[in-house]
Structures are given as C-alpha cells and as structure tokens.
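Every heavy atom of this structure was used, including side-chain atoms; hydrogens, water molecules and symmetry mates were not.
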Amino acid sequence: MGKIILVTGGARSGKSTFAENLVSRLGTKILYIATSIPFDDEMKDRIRKHREQRPSFWDTLEAYKNLDIKIKEIYKGHQGILLDCITIMISNILFSNGDIDWNTCNMDKVNGLELQVKEEINKLIKVSGEINVPVVVVTNELGMGIVPENRLARIFRDIAGRVNQQLAAAAEEVYLVVSGIPVRIK
C-alpha cells in the first residue's frame, strides 16, 4: 500500500527542491505530476525553471483533475510520484468554472467550488492508499500572513488551508520547509 508524504512551506521556501530530493531517493523511475497551466509568460518561465531543476528522465504528467484515474493508468513501474503543486491545482479548478465575479458571487457558489476541490483531493488520497508507490505532494502554506483584503484571496486561502489540513491528516509524513530547511512535523 502506498503512502502520502506532504511537503508544505511558503513561496520560494525550497519545498519543491526538497520534495524532488526526497522522491529521488526512492529510485530513478519517478512520475512527476505538474498541475500548472502555461497561461502567460510568467507561468511559462516558472514551468521552464521547474523542468530544468528536475531530472529529464522522469516521466511527466500534466494534469490537475481526475488524477486518481490518470495515476491508476500509469503508476506501474514507477518507484515514486511527485505532485507539484496542490495550490496551483486549486487555482486551476476554481478558474476552470467559467467567468465568476468573485466580489459578488454567493457563498453557495463558493461552497460548491470548494466541494469540487475537496472531491479531487479525496480521490487523490484514496488512490494514494491503493497503489504501492509513495506519493510526495507539494503545497503552499498560506495561513501565516494577514487576512487578505481581496475576497478572492480570502476564499482561496481558506480553501487551501482546509485542503492542506485534509492532506496532512491523511499523510504519513509532513514536512515544513522554511528558507530551504525542512523540518519534519509529522
């Protein structure tokens, strides 16, 4: 049976580098799940830098939804899976639901979107327990700053915080990375 290892930390904390080093210890046959969508030049540059940082011989899956189905189809033969990252996955799910006026949308709509995110996370947790490959999951720790003034930022922070708690509860190991230094917290 597989296990989840959660790696969290702030932006540019070194969490992806730590997660890559962690999963590379599992072997050379690694499945890297990239949840980013290259929608502008900044994101394209970020994706390029991540590609250059990780070994070119790792297999890459670019996806952010239905990961349970996709993982079941291709995990065999891999010694580890690295999913980077949950917060980008959440953004993609939120923004794939059409043009929403985040300043005026009602909480029923927001709660429905959060349910979609949580369903994807539940499916990821379930499949991680069913396969015999460790799954290293990277996420951002967003709750250490002030309450954002922007409604969308508050909605996003709240959903990400609850999802991180859900993943941490299911994980066998949890690491917090600060200034490039990992600290095991579970």
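- With contacts defined as side-chain heavy-atom distances shorter than 4.5 Å, the pair His78/Leu26 does not qualify.
- No more than 12 heavy atoms of other residues, nucleotides or ligands shown are found within 6.0 angstrom of NZ on Lys126.
- Taking CD1 from Ile121 and CE from Met89, the interatomic distance works out to 4.0 Å, rounded to the nearest 0.5 Å.
- Residue Leu82 comes nearest to Ala19 through the heavy atom pair CD1-CB, 3.7 Å, listed as atom of the first residue, atom of the second, then distance.
- A distance of 11.0 Å separates CD in Gln79 from CG in Asn132, rounded to the nearest 0.5 Å.
- Side-chain contact annotation: Thr104 with Asp101, donor-acceptor N/O pair under 3.5 Å present.
- Under the 4.5 Å side-chain heavy-atom criterion for grouping Ile, Leu, Val, Met, Phe, Trp and Tyr, Phe95 is connected to Val110 within one hydrophobic cluster.
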>> Is there a side chain to side chain contact (heavy atoms under 4.5 Å, CB included) between Tyr32 and Val23? Walk through the geometry before answering.
In response: CA-CA 10 Å; Tyr32 183 93; Val23 78; over 6 Å; no

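- With 3.5 Å as the limit, one finds no donor-acceptor pair spanning the side chains of Lys109 and Asn97.
- Looking at every heavy atom in both residues, Leu142 comes nearest to Ala160 through CD1-CB, 3.5 Å.
- In the hydrophobic clustering of this structure, Leu152 does not group with Val147; members are Ile, Leu, Val, Met, Phe, Trp, Tyr whose side-chain heavy atoms approach within less than 4.5 Å, directly or through other members.
- Taking 4.5 Å as the limit, some side-chain heavy atom of Trp102 sits within range of a side-chain heavy atom of Leu94.
- Hydrophobic cluster membership is shared by Ile74 and Ile71, with clusters built from Ile, Leu, Val, Met, Phe, Trp and Tyr side chains linked at under 4.5 angstrom.
- By the 4.5 Å heavy-atom criterion applied to side chains, Gln166 and Asn122 are counted as neighbours.
- Residues Phe156 and Pro148 are not in side-chain contact: their nearest non-hydrogen atoms beyond the backbone lie 4.5 Å or more apart.
- Atom CG in Asp68 sits 9.5 Å away from atom OG in Ser128 (nearest 0.5 Å).
- Cluster membership for Val138 and Tyr175, using ILVMFWY side-chain heavy atoms within less than 4.5 angstrom, is shared.
- Remark: side-chain polar atoms of Lys186 are paired, donor with acceptor, to backbone N or O of Ala169 under 3.5 angstrom.
- Contact of the Ile5 side chain with the Glu172 side chain is not registered, since no non-hydrogen atoms from C-beta on lie closer than 4.5 Å.
- Here the straight-line distance linking atom CD of Glu119 with atom CD of Glu114 works out to 11.0 Å at 0.5 Å rounding.
- With Lys15 as reference, Asn140 is the one residue of Leu176, Leu6, Val178, Asn140 to meet the side-chain contact (heavy atoms from CB on, under 4.5 Å) rule.
- The two residues Asn66 and Lys123 come nearest to each other via the heavy atoms OD1-NZ, 3.4 Å.
- Contact annotation: the side chain of Leu124 approaches that of Leu83 to within less than 4.5 Å [non-hydrogen atoms, C-beta and beyond].
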> Between Ile90 and Glu120, is a side chain to side chain contact (heavy atoms under 4.5 Å, CB included) present by the stated rule, with each step listed?
Replying inline: CA-CA 9 Å; Ile90 294 168; Glu120 289 294 332; over 6 Å; no

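- Smallest separation of non-hydrogen atoms from Thr35 and Tyr64: O-CB, 4.0 Å.
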> Passes side chain to side chain contact (heavy atoms under 4.5 Å, CB included), Leu113 versus Val117? Steps please.
Replying inline: CA-CA 6 Å; Leu113 291 170; Val117 171; 5.8 Å; no

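- In this structure, the side chains of Ile4 and Ile125 come closer than 4.5 Å at one or more pairs of heavy atoms.
- Of the options Leu61, Thr60, Val133, a side-chain contact (heavy atoms from CB on, under 4.5 Å) to Leu31 is made by Leu61 and by none of the others.
- Neither Val177 nor Val174 shares a network with the other; the hydrophobic side chains, linked directly or stepwise wherever heavy atoms of I, L, V, M, F, W or Y lie under 4.5 Å apart, form separate groups for each.
- Going from atom CZ of Arg54 over to atom OG of Ser24 covers 13.5 Å, rounded to the nearest 0.5 Å.
- Checking side-chain atoms of Asp45 against main-chain N and O of Asp41 turns up no donor-acceptor pair under 3.5 Å.
- Residues Arg154 and Glu149 come closest through the heavy atom pair NH1-O, 2.5 Å.
- Looking only at side-chain heavy atoms (C-beta outward), Phe57 and Thr28 come within less than 4.5 Å of each other.
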> Going through the checks in order, is the side chain to side chain contact (heavy atoms under 4.5 Å, CB included) test met by Glu173 and Arg184?
Replying inline: CA-CA 7 Å; Glu173 299 174 32; Arg184 186 172 174 170; 3.2 Å; yes

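- Of all heavy-atom pairs between Ile33 and Ala63, the closest is CG2-O, 4.0 Å.
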